[in-house]
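Report on the structure given below.
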Amino acid sequence: MLNIAVLVSGGGTNLQALIDAQSSGKIKGGQIVLVVSSNPSAYALERAKKANIPTKVLRRKDFKTQEDYDSALLGLLESYQISLVVLAGFLTIISENVVSHYPNRIMNIHPSLIPSFCGEGYYGLRVHEEALKRGVKVTGATVHFVNEVCDGGPIILQKAVAVQQGDTPQTLQRRVMEQAEWELLPRAVSLFCEGRLTVENGIVTIKGEEQ
Ligand code: GAR
């Protein structure tokens with residue numbers, strides 16, 4: 001069993017999707033052993049506690065330097081022998097130093113079809129606001145590995161979701177979560193834990209899935 005840490009900052013609906021998938025045996029070969037929040041009042045922490053998963057709060061602003069924060073995060077991950085780090089709505093930027101300790105072992109869920117509406121400043125509702133402003137008819141979600149480029153790592157899974165006339169950022173966010181994010185993230189985590197993901201030259205291949 002691989003040990004999984006989920007990093008959160010907010011409501012934690014993606015964390016909930018992972019917890020539910022784990023309860024119904026859909027995460028094969030891995031278990032969530034730690035939830036780390038950048039925000040002490042994140043509802044995600046309640047979800048973790050209800051599922052009896054240990055929690056920890058780590059705030060960047062409580063550390064003098066990036067190095068101090070990185071050491072605290074890395075120390076925590078090492079103490080739980082974490083093999084996979086999942087960013088599920090985590091708003092603190094992960095430094096190159098941390099990424100280099102977990103190459104292709106940190107994954108992130110992003111609420112658009114990368115490379116659209118991504119990169120620095122694109123998070124949460126902001127992503128959907130920009131998609132609506134641009135008038136795209138299709139958006140979606142992406143799960144990708146994290147590298148040193150913000151939202152630039154190898155793409156694992158994507159799913160398209162239709163934009164509807166009259167959508168607000170909130171209605172679109174909800175549809176993207178329901179139809180794409182909550183399905184993609186547990187699936188990507190399971191594929192990783194089953195050892196079915198390989199990355200070569202920035203391209204992810206899924207074993208046993210011929211396209
Ligand atoms: C999700 O929509 C996730 O894709 C997004 O934040 C939301 C967190 O919701 N992440 C980003 O925008 C990352 N750039 P949750 O706390 O309910 O899972």
Side-chain angles (χ1 to χ4, degrees), residues 4-23 27 32 34-51 53 55-60 84-95 98-99 106-134 136 138-163 167-189:
I4 303 165
V6 184
L7 277 50
V8 297
S9 298
T13 63
N14 279 288
L15 169 67
Q16 191 65 55
L18 290 168
I19 291 170
D20 294 346
Q22 175 162 284
S23 310
I27 310 254
I32 306 165
L34 174 67
V35 169
V36 180
S37 177
S38 62
N39 167 9
S41 48
Y43 185 66
L45 287 168
E46 304 306 315
R47 299 180 189 272
K49 282 172 196 158
K50 267 186 213 152
I53 301 167
T55 59
K56 200 87 185 168
V57 174
L58 266 196
R59 286 191 296 192
R60 173 63 186 86
L84 173 66
V85 178
V86 180
L87 309 184
F90 188 62
L91 296 181
T92 305
I93 298 283
I94 297 284
S95 72
V98 172
V99 171
I106 304 175
M107 59 172 73
N108 178 48
I109 177 106
H110 184 79
S112 75
L113 292 174
I114 289 176
S116 289
F117 311 113
C118 65
E120 245 168 81
Y122 282 89
Y123 58 87
L125 270 184
R126 173 83 213 288
V127 177
H128 304 293
E129 277 163 17
E130 293 301 315
L132 289 175
K133 259 194 224 161
R134 185 62 187 83
V136 293
V138 173
T139 183
T142 303
V143 182
H144 63 92
F145 282 119
V146 173
N147 67 7
E148 62 293 344
V149 181
C150 182
D151 294 331
I155 291 171
I156 303 167
L157 293 174
Q158 292 188 298
K159 189 175 175 197
V161 173
V163 177
D167 261 337
T168 62
Q170 288 79 6
T171 60
L172 185 56
Q173 179 183 53
R174 184 75 192 177
R175 189 174 320 110
V176 168
M177 283 176 158
E178 284 176 355
Q179 295 185 6
E181 296 187 43
W182 301 340
E183 172 193 324
L184 291 189
L185 191 58
R187 208 173 134 230
V189 167

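Start at 1 and go down the list; that is how both ligands and their atoms are numbered. The first residue of the sequence shown is numbered 1, and numbering continues consecutively from there.
Between the CD1 atom of Ile109 and the OG1 atom of Thr142 there is a distance of 7.5 Å, given to the nearest 0.5 Å. One finds the CD atom of Gln170 at 12.0 Å from the CZ atom of Arg174 (value rounded to the nearest 0.5 Å). With rounding to the nearest 0.5 Å, the separation of CG in Leu91 from CG in Leu7 is 11.0 Å. The CG atom of Leu15 sits 9.0 Å away from atom CG of Asp20, with the distance rounded to the nearest 0.5 Å.
Between the side chain of Lys159 and the backbone N or O of Gln179, at least one donor-acceptor pair lies under 3.5 Å. Although no hydrogens or angles enter the test, the distance criterion places no donor-acceptor pair under 3.5 Å between the side chain of Glu181 and the main chain of Val176.
In this structure, the protein non-hydrogen atom closest to atom 10 (N) of ligand 1 is Ile109 O, 3.6 Å. Considering only non-hydrogen protein atoms, atom 11 (C) of ligand 1 sits nearest to Pro111 CD, 3.6 Å. Looking from atom 6 (O) of ligand 1 to the surrounding protein, the closest heavy atom is Gly89 CA, 3.8 Å. Among all protein heavy atoms, the one lying closest to atom 16 (O) of ligand 1 is Gly12 N, 2.7 Å.
Summarising the contacts of atom 18 (O) of ligand 1 with Val8, Asn14, Asp151, the nearest heavy atom is found in Asn14.
Of the N or O atoms in Gly124, one or more lie within a sub-3.5 Å distance of an N or O in ligand 1. Residue-to-ligand polar distances keep Tyr123 apart from ligand 1: every N/O pair is separated by 3.5 Å or more. Residue Gln173 has no N or O atom closer than 3.5 Å to an N or O atom of ligand 1. Residue Gly10 has no N or O atom closer than 3.5 Å to an N or O atom of ligand 1.
Each of the atoms 1 (C), 2 (O), 9 (O), 17 (O) of ligand 1 lies under 4.0 Å from some heavy atom of Met177. Listed by number with element, the atoms of ligand 1 under 4.0 Å from a non-hydrogen atom of Glu181 are 1 (C), 2 (O), 3 (C), 4 (O).
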Donor-acceptor list for residues 119-129 side chains, cut-off 3.5 Å, not counting sequence neighbours:
| residue | atom | partner | partner atom | Å |
| --- | --- | --- | --- | --- |
| Arg126 | NH1 | Gly121 | O | 3.0 |

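Inspection of the Asn39 and Ser37 side chains reveals no N or O donor paired with an N or O acceptor under 3.5 Å.
Residue contacts with ligand 1 for Tyr122 involve N, CA, C or O but no side-chain atom from C-beta outward (heavy atoms, distance under 4.0 Å).
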